[in-house]
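Residues take their numbers from the sequence shown, with the count starting at 1. Reckoned from all heavy atoms, side chains included, excluding hydrogens, waters and symmetry mates. Since the structure is predicted, the reported quantities are computational estimates derived from the model, not experimental observations.
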Amino acid sequence: MTASTIDATSKALYRIPEAMRLLSLSRTVIYEQIRAGRLRTVRQGRSRLVPAAAITAYVDILEQEARKGGIR
């Protein structure tokens with residue numbers, strides 16, 4: 001799957017549950033990736049939001065690691 005296959009262009013920002021569905025990851029994994037700096041987020045008031053570009057960048061990271069034989 002390439003980053004362009006994710007429909008992350010329909011919205012600019014996603015709430016955490018939406019990012020969970022887009023990436024097929026659990027809430028725990030999402031927050032682990034945020035803490036590790038692998039998934040970028042922004043704050044709007046008290047809400048944590050994931051930019052569409054950050055979702056695409058995260059998928060790119062995963063693809064690069066898969067090609068290199070890194071973390072799976």
Novice: Should L23 and Y14 count as side-chain neighbours, where that means a heavy-atom distance under 4.5 Å?
Specialist: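 No, too far: nothing below the 4.5 Å cut-off.
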Novice: Salt bridge between R27 and E32, side-chain N to carboxylate O under 4.0 Å?
Specialist: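 E32 and R27: not salt-bridged.
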Novice: Would I30 and M20 count as a side chain to side chain contact (heavy atoms under 4.5 Å, CB included) if you check the C-alpha gap in whole Å, the side-chain angles of each, and the deciding distance to 0.1 Å?
Specialist: CA-CA 7 Å; I30 290 284; M20 290 168 51; 3.7 Å; yes
Novice: Is I16 reachable from Y58 through a run of I, L, V, M, F, W or Y residues, each pair having side-chain heavy atoms under 4.5 Å apart?
Specialist: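 Shared cluster, yes.
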Novice: Under a 4.5 Å cut-off applied to non-hydrogen side-chain atoms, are L39 and Y31 in contact?
Specialist: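 No, their side chains stay 4.5 Å or more apart.
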Novice: Donor-acceptor pairs under 3.5 angstrom involving side-chain atoms of residues 40-53: please list them, not counting sequence neighbours.
Specialist:
unit_1	atom_1	unit_2	atom_2	d
T41	OG1	R48	NH1	2.8
R43	NH2	R46	O	3.2
S47	OG	R15	NH1	3.4

Novice: Considering residues at least two apart in sequence or located in another chain, which fulfil the salt bridge (Lys or Arg N to Asp or Glu O under 4.0 Å) criterion with E18?
Specialist: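 Checked E18 against salt bridge (Lys or Arg N to Asp or Glu O under 4.0 Å); matches are K11.
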Novice: Roughly how far, to the nearest 0.5 Å, is the OG1 atom of T56 from the CD1 atom of I61?
Specialist: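 Here the interatomic distance stands at 11.0 Å.
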